[in-house]
Amino acid sequence: MAGRKETALDLAKFVDKGVQVKLTGGRQVTGTLKGYDQLLNLVLDEAMEYEREQDDPLKLSGKTRQLGLIVCRGTAVMLVSPTDGTDEIANPFLADGA
């Protein structure tokens, strides 16, 4: 996106690719990044939200819901990462009994 102010995060390389977005409040969505602006507002297509456990809002339940085309407001975006090339691993800092 030529002519834009330089930002700490260059999202141009993620356009039309899968991204995972974590939002304030604990929501987590994945989808195809279709666009963005200097305020970090994101447009995601084929978005899917990962639902959280009722009794522990920090844990994902494994359930998902399809959202379709969405706009994530930039003030709510905490993390943007590509979905390709990332794997979830067990937390090595947790004790075996926890």
Side-chain angles (χ1 to χ4, degrees):
M1 310 246 165
R4 292 196 173 193
K5 288 178 79 173
E6 187 65 30
T7 61
L9 181 62
D10 182 22
L11 292 175
K13 59 186 168 192
F14 298 125
V15 172
D16 291 325
K17 294 191 172 80
V19 292
Q20 175 181 358
V21 180
K22 291 191 180 183
L23 304 166
T24 57
R27 286 190 165 186
Q28 183 174 331
V29 295
T30 60
T32 304
L33 182 66
K34 290 298 183 181
Y36 65 96
D37 65 10
Q38 69 273 16
L39 299 175
L40 206 61
N41 295 312
L42 307 177
V43 177
L44 299 179
D45 196 11
E46 301 171 1
M48 184 185 328
E49 178 182 8
Y50 293 89
E51 296 182 8
R52 297 174 289 163
E53 295 282 343
Q54 291 291 333
D55 50 340
D56 186 1
L58 297 177
K59 282 182 145 179
L60 295 177
S61 68
K63 293 182 189 175
T64 60
R65 69 178 181 151
Q66 295 291 335
L67 301 176
L69 184 68
I70 64 168
V71 175
C72 298
R73 189 168 177 176
T75 56
V77 173
M78 292 182 4
L79 175 101
V80 179
S81 66
T83 54
D84 292 337
T86 58
D87 292 320
E88 187 172 335
I89 62 169
N91 187 341
F93 300 105
L94 288 179
D96 290 333

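FYI, side chains are in, hydrogens and waters are out, and symmetry mates aren't considered; it's all heavy atoms of this structure. This is a predicted model, so every value here is computed, not measured.
Rounding to the nearest 0.5 angstrom, the gap separating the CE atom in Met78 from the OG1 atom in Thr24 is 7.0 Å.
Put simply, the side chain of Leu33 reaches to within 4.5 Å of the side chain of Leu44, judged on heavy atoms.
Shown here are the side-chain hydrogen bond (donor to acceptor under 3.5 Å, both in side chains) partners of Asn91, two or more places apart in sequence or in another chain: there are none. Asp84 pairs by the salt bridge (charged side-chain N to carboxylate O under 4.0 Å, His left out) definition with nothing, not counting sequence neighbours. For Asn41, the side-chain hydrogen bond (donor to acceptor under 3.5 Å, both in side chains) partners two or more places apart in sequence, or in a different chain, are Asp37. Remark: Lys22 engages Gln20, Gln28, Leu79 in a side chain to side chain contact (heavy atoms under 4.5 Å, CB included) (not counting sequence neighbours).
Screening residues 38-47 for salt bridge (charged side-chain N to carboxylate O under 4.0 Å, His left out), with sequence neighbours left out, gives no hits. Listed by first and then second residue, the salt bridge (charged side-chain N to carboxylate O under 4.0 Å, His left out) pairs involving residues 70-82 amount to none (not counting sequence neighbours).
Cluster annotation: Val77 is connected to Val19 through the hydrophobic network of ILVMFWY side chains, with a link wherever side-chain heavy atoms come within less than 4.5 Å. Hydrophobic clustering (ILVMFWY, side-chain heavy atoms < 4.5 Å, transitive): Leu23 and Leu40 are in one cluster. Val21 and Ile70 fall within the same hydrophobic cluster, defined by Ile, Leu, Val, Met, Phe, Trp and Tyr side-chain heavy atoms under 4.5 Å apart, directly or through other members.
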Please output the side-chain donor-acceptor pairs of residues 62-69 that fall under 3.5 Å, not counting sequence neighbours, one pair per line with the distance.
residue : atom : partner : partner atom : Å
Arg65   : NE   : Glu49   : OE1          : 2.8
Arg65   : NH2  : Glu49   : OE1          : 2.8

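Contact detail for Lys34 and Val15: the closest heavy-atom pair is O-CG1, 4.2 Å.
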side-chain contact (heavy atoms from CB on, under 4.5 Å) between Leu42 and Leu11, worked out: CA-CA 10 Å; Leu42 307 177; Leu11 292 175; 3.6 Å; yes
